[in-house]
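In what follows, a structure is listed as structure tokens, so that the remarks can point back to it.
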Amino acid sequence: MGMLFGLLFGVLMVVGGIATFIFVGLLLLRVIGNKGLSLKSGAIGAGVSLVLFIISFVTVFMIILSSPSVENDVKEAIVTHEPEVKTFTPEMQIESVVKDNQLEVTGTTNLPDATELVITLQNDKNESFDKTVSIKDGSFSMAAIPIEELQPGEQVLKISLSDKQHDSVLEVIGEEAELLTGPLLDHDHQLFVSANVTIPAERSPPSDVDGVKAEVTKVMDGLTLLVELDGKEEEVSLSSVAVPAAKHSQNGEQPFGTEAFEFTAKTLEGKSVTIERESEEKDKDGRFLAYIWIEDVLFNKTLIEKGFAKVEDSSTNSKYLDDFKLTEDKAKEKELGIWSIKNYVQEDGFKDPEQKQEKVASEAKKESKENKSVATTPAPKKDSEKLATAPKEEKPASTKSKPKVQEETKAKAQTKTETASKPKAESNTASTPTPAPAKTPDPPAQPASCDIKGSQTGIYHVPGSTYYERTKNVAKWFCSVEEAENAGYRAPKR
């Protein structure tokens with residue numbers, strides 16, 4: 001448009017200049033030669049020159065008005081009477097991270113303080129839920145959410161404005177956020193910011209754990225594992241703990257050794273674990289010393305917590321030693337597992353279980369002795385028994401044990417012999433009034449531990465000693481040498 005006016009202005013200026021030159025030339029000729037243009041001709045020339053001048057002036061004025069600077073100045077002059085409208089362009093940066101098995105969301109923005117934002121996520125049931133955060137000092141942060149409460153895998157995190165805002169915020173963004181502008185607005189002119197976040201399917205060790213993944217192929221005992229590591233099978237021993245043996249090389253099974261072994265096998269065998277090593281990598285047997293993590297749980301600590309292990313601080317691995325000792329104190333206070341047996345746990349390991357067996361055997365022996373004392377108390381003798389003449393001494397029987405059938409046969413024969421010998425005993429005491437025959441008392445009931453064996457000659461055996469001959473016409477079973485001698489039995493002459 002400006003170029004067209006400029007061209008027109010140039011043409012008019014040329015034409016006007018030529019016409020003015022002719023008019024002035026004719027006027028000079030008339031003055032010099034007293035001849036020239038008539039008054040009428042002069043008036044026409046002057047009129048044409050005036051028209052050309054006016055046209056040139058209007059053209060110049062229009063060119064000036066059509067220039068950009070003049071146009072803007074004119075527009076600003078026109079709208080100066082209208083109220084000023086300010087818009088706001090929001091800016092935002094989002095950071096989302098999974099740390100120690102929790103999702104953390106933070107961000108920075110130029111939105112005014114006290115602005116309420118809504119963060120939308122998917123829970124573990126694949127349902128949307130909202131978290132509200134407030135902006136302070138140009139930043140915001142969401143309370144950490146455990147990953148088990150979220151949908152695993154990749155999902156979209158969305159941020160928008162809350163429906164309710166403080167008055168100071170509405171002054172900046174408008175009642176309906178109509179003052180907002182910029183790329184962060186969606187097609188509905190609403191603030192919408194999104195970011196992708198990946199939620200792991202399972203929990204993992206703390207972020208400060210520098211470990212490697214491995215597969216537990218076999219549990220050897222409560223303390224030793226076989227793992228698949230870097231394509232090779234390695235033997236790993238749990239670091240900083242000591243566990244009773246399920247199969248001790250000298251003492252056999254130690255108390256709670258089997259329980260510890262079964263718990264370790266059930267928890268770890270066939271599972272994927274994280275192996276964390278420290279400064280001392282191997283024990284004296286060449287096994288790797290390691291802390292075993294099953295997801296985010298330290299298994300070494302779990303054994304102590306359940307009373308299956310004690311803290312072993314003889315190695316240089318001490319990263320979790322203080323925590324282990326606190327856990328051990330709690331298990332000891334509750335008397336869990338190995339702490340339920342008094343003095344079982346020693347500084348150098350666990351007490352020999354044979355000591356416990358000796359205690360049980362001692363108690364059983366004491367109880368058996370009490371039973372024997374009651375069963376072998378001799379009954380008072382009758383007067384007729386005191387007057388009876390003792391039978392002749394008989395030769396001792398062979399000390400060689402005989403079958404049970406032979407013993408029963410000899411016992412019957414012995415009874416007959418005793419019955420037949422009674423008249424003879426009475427004839428030897430003819431000078432003395434003959435009392436009524438003494439009735440042989442039934443042998444008292446004996447405890448199960450007293451196994452006395454007899455013979456046809458009336459010889460009785462006391463366990464752990466020798467054979468004794470019967471010197472009185474009284475049949476008894478005895479469980480000790482002292483009782484046999486007090487009852488009138490003596491060892492045979494050799």
Side-chain angles (χ1 to χ4, degrees), residues 100-101 146-148 152 200-206 209-278 280-312 314-315 317 319-321 323-324 327-328 330-331 334 336-341 344-345 349-350 353:
D100 294 336
N101 301 299
I147 60 172
E148 56 265 26
E202 63 179 26
R203 300 175 69 87
S204 58
V209 173
D210 184 17
V212 293
K213 286 287 187 180
E215 188 82 13
V216 178
T217 58
K218 186 177 181 180
V219 174
M220 307 296 291
D221 54 41
L223 199 67
T224 310
L225 320 171
L226 286 179
V227 301
E228 187 75 23
L229 185 63
D230 297 332
K232 297 187 298 182
E233 194 171 58
E234 299 285 355
E235 195 169 348
V236 175
S237 180
L238 299 180
S239 180
S240 302
V241 295
V243 178
K247 295 180 180 179
H248 196 276
S249 58
Q250 297 178 348
N251 302 325
E253 179 185 353
Q254 293 181 306
F256 293 98
T258 299
E259 289 85 343
F261 168 64
E262 292 177 349
F263 178 76
T264 302
K266 180 180 178 181
T267 307
L268 299 182
E269 199 161 78
K271 302 293 180 61
S272 177
V273 299
T274 300
I275 297 179
E276 181 186 10
R277 303 176 191 171
E278 211 175 344
E280 186 179 357
E281 290 195 349
K282 291 187 177 182
D283 62 7
K284 60 182 181 180
D285 297 322
R287 298 174 298 187
F288 283 108
L289 286 171
Y291 302 107
I292 303 298
W293 292 89
I294 177 81
E295 294 187 352
D296 61 333
V297 177
L298 181 54
F299 185 73
N300 307 53
K301 180 180 178 180
T302 301
L303 283 177
I304 301 172
E305 190 175 45
K306 291 187 174 294
F308 291 143
K310 77 179 190 73
V311 177
E312 181 63 65
S314 60
S315 67
N317 292 344
K319 180 178 180 180
Y320 304 103
L321 192 58
D323 189 23
F324 285 1
T327 304
E328 182 183 69
K330 293 179 181 178
K334 297 178 181 178
L336 299 178
I338 59 177
W339 305 107
S340 63
I341 303 176
Y344 174 50
V345 181
F350 302 91

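Basis for what follows: all heavy atoms, side chains included, without hydrogens, waters or symmetry-related copies.
With hydrogens and angles ignored, the 3.5 Å screen pairs no side-chain donor or acceptor of S340 with any backbone N or O of L336. The main-chain N or O of A260 is found under 3.5 Å from a side-chain atom of T264 such that the two form a donor-acceptor pair. Side-chain N or O atoms of E328 include one that pairs as donor or acceptor with a backbone N or O of V311 at under 3.5 Å.
Annotation: the span from I294 atom CD1 to F299 atom CZ amounts to 9.0 Å, rounded to 0.5 Å. Atom NZ of residue K271 and atom OG1 of residue T217 lie 14.0 Å apart, to the nearest 0.5 angstrom. To the nearest 0.5 Å, the span separating CG on D283 from CD on E312 amounts to 11.0 Å. Once rounded to the nearest 0.5 Å, the distance linking OG1 of T224 with CZ of F288 reads 14.0 Å. Note that CZ of F263 is 8.0 Å distant from CG of L268, once rounded to the nearest 0.5 Å. The NZ atom of K334 sits 10.0 Å away from atom NZ of K306, with the distance rounded to the nearest 0.5 Å.
When side chains are defined from C-beta on, V212 does not count as touching T274, because their heavy atoms never get closer than 4.5 Å. Annotation: side chain of W293 is in contact with side chain of P206 (closest heavy-atom distance under 4.5 Å). Contact of the Y320 side chain with the S240 side chain is not registered, since no non-hydrogen atoms from C-beta on lie closer than 4.5 Å. Using a 4.5 Å heavy-atom threshold, the side chains of L226 and M220 count as touching.
Residues L229 and K213 come closest through the heavy atom pair CD1-O, 4.0 Å. For the pair E276 and D210, the tightest heavy-atom approach, listed with the atom from each and the gap, is CG-O, 4.3 Å. When all heavy atoms are compared, the tightest approach of D323 to K301 is OD2-NZ, 3.1 Å. Taking all atoms of both residues into account, the shortest heavy-atom contact from A214 to I275 is CB-CD1, 3.6 Å. What you find for I338 and K310 is that their closest heavy atoms are CD1-N, 4.0 Å. Considering all non-hydrogen atoms of both residues, N101 and S204 come closest at OD1-N, 2.6 Å.
Around the NZ atom of K319, the shell of radius 6.0 Å holds more than 12 heavy atoms that belong to other residues, nucleotides or ligands.
Here E305 does not pair with K330 in a salt bridge; the nearest charged N to carboxylate O distance is not below 4.0 Å. With salt bridges taken as basic N to acidic carboxylate O contacts below 4.0 Å, one links D285 and R287. Between E148 and R203 there is a salt bridge, since at least one side-chain N of the basic residue sits less than 4.0 Å from a carboxylate O of the acidic one.
Note: F256 and F308 have tilted aromatic rings, judged against thresholds of 30 and 60 degrees for the angle between ring planes.
Figure legend: cation-pi geometry between R277 and Y291 absent, as NZ or CZ is not positioned both under 6.0 Å from the six-membered ring centre and within 45° of its axis.
Evaluated for a side-chain contact (heavy atoms from CB on, under 4.5 Å) with I292, the options L298, V236, V227, V216 yield exactly one hit, V236. In summary, of the residues considered (E253, E259, Q254), a side-chain contact (heavy atoms from CB on, under 4.5 Å) with P244 occurs for Q254 alone.
Inspection of the N317 and S239 side chains reveals an N or O donor paired with an N or O acceptor under 3.5 Å.
Every residue was checked against the side-chain hydrogen bond (donor to acceptor under 3.5 Å, both in side chains) condition with S272, not counting sequence neighbours, and none meets it.
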